[in-house]
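Data block below; observations after.
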Number of protein chains: 2
Amino acid sequence: MATKFNCPIRYALDIIGGRWKIIILWNINKYKIIRYGEIKKRIPEISHKVLSQQLKELESDGIVYRNEYYEIPPKVEYSLTDKGHSLIPIVEIINEWGQKNMSC
Amino acid sequence: MATKFNCPIRYALDIIGGRWKIIILWNINKYKIIRYGEIKKRIPEISHKVLSQQLKELESDGIVYRNEYYEIPPKVEYSLTDKGHSLIPIVEIINEWGQKNMSC
DNA sequence: CGGAATCCAAGACGATACTG
DNA sequence: CAGTATCGTCTTGGATTCCG
């Protein structure tokens, strides 16, 4: 997969460029360990289907852990991998820029 | 428009979250002043229409200047505004992350 | 050359229902 | 509760054309 990209910035954007990825990382980092339903509650605009998809992609890119408890009803917790943690400075700098430039 | 968002990170993502925005900013910053056709040449995968759209959005968000020379054939140069420059640290940190994590 | 407008295809998304 | 699958909709994007 890495061979798809000739250029580092495109590799990075392929991982974090998804419409909700930064917001999802932002929330996982905030709560450290967070259940699926809790993420959904924090990001109401995202649909069930899309949230699942994006989490799956983040997992397969090695950004988040998925910890499944084999219970009924199911319980799944998400948290950041080391690679995921290394993205947090990006998330934070984007947030800071927003704070400085949002006029309200 | 700013009132659309309750949260800084969403405001920021609305501006830079577009599929090609970061790549476009990356290129404008690299050349400081760059013509439309030159951007197109640097990002061959983006179509004429989409590049125009994204540039227009970046212009209306106050990120890039559009400098039109009234000639035939037309000549249009793009450059970063101050607000646009303030986004460069974000672009660079994303690039750095890509360099560290791209395995090739 | 850069941009607007058109038309059409591809794919993203939401809603829903079903499973363990 | 979390995830998958299906389906219909609707946005997005590409190709093309025309204009200044």
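Hydrogens, waters and symmetry mates play no part in the numbers below; they use all other heavy atoms, side chains included. In what follows, chains are A, B, ... by sequence order, proteins preceding strands, each numbered from 1.
- Note that CD of B:Glu96 and CD1 of A:Ile9 are 10.0 Å apart. Values are rounded to the nearest 0.5 Å.
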- Dot-bracket encoding of pairs in DNA chain D, which uses [ ] for pseudoknotted crossings and | for another strand, Watson-Crick or G-U under 3.5 angstrom: ||||||||||||||||||||

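- If you check every strand for non-hydrogen atoms under 4.0 Å, B:Lys56 touches sugar and phosphate atoms only.
- Remark: A:Ile23 CD1 to A:Glu45 CD distance equals 8.0 Å, nearest 0.5 Å.
- With D:dG13, C:dA12, C:dG2 as the candidates, the nucleotide lying closest to the side chain of A:Arg19 is C:dA12.
- Atom CD of A:Glu77 is separated from atom P of D:dG3 by 12 Å (rounded to the nearest Å).
- Between D:dT4, D:dG13, C:dG2, one nucleotide has an atom nearer to the side chain of B:Arg35 than all others, and that is C:dG2.
- In this structure a side-chain-to-backbone donor-acceptor pair under 3.5 Å is present from B:Thr81 to B:Ile63.
- Within 4.0 Å of B:Tyr69, counting heavy atoms only, lies no atom of the nucleic acid at all.
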Protein-nucleic acid N or O pairs under 3.5 Å, nucleotides 15-20 of chain D:
none

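- The backbone N or O of B:Arg10 sits nowhere less than 3.5 Å from a side-chain atom of B:Asp14 that would complete a donor-acceptor pair.
- Here the C1' atom of nucleotide D:dT12 and the CD atom of B:Gln53 are 8 Å apart, to the nearest Å.
- In this structure, the CG atom of B:Leu55 is 14 Å from the C1' atom of C:dA4, given to the nearest Å.
- Side-chain atoms of A:Lys100 never come within 3.5 Å of backbone atoms of B:Ser86 as a donor-acceptor pair (strictly under, hydrogens ignored).
- Backbone-only contact: B:Glu45 has heavy atoms under 4.0 Å from sugar-phosphate atoms and none from a base.
- A:Ser52 comes within 4.0 angstrom of a nucleotide base, judged by non-hydrogen atoms across all strands.
- Between the NZ atom of B:Lys83 and the CG atom of A:Asn101 there is a distance of 5.5 Å, given to the nearest 0.5 Å.
- The nearest whole Å value for the distance from the CD atom in B:Gln54 to the P atom in D:dT11 is 17 Å.
- Ring geometry, A:His48 versus A:Tyr36: the interplanar angle exceeds 60°, so the pair is classed perpendicular (tilted spans 30 to 60°).
- Residues satisfying the side-chain hydrogen bond (donor to acceptor under 3.5 Å, both in side chains) test with A:Glu57, not counting sequence neighbours, are A:Lys21.
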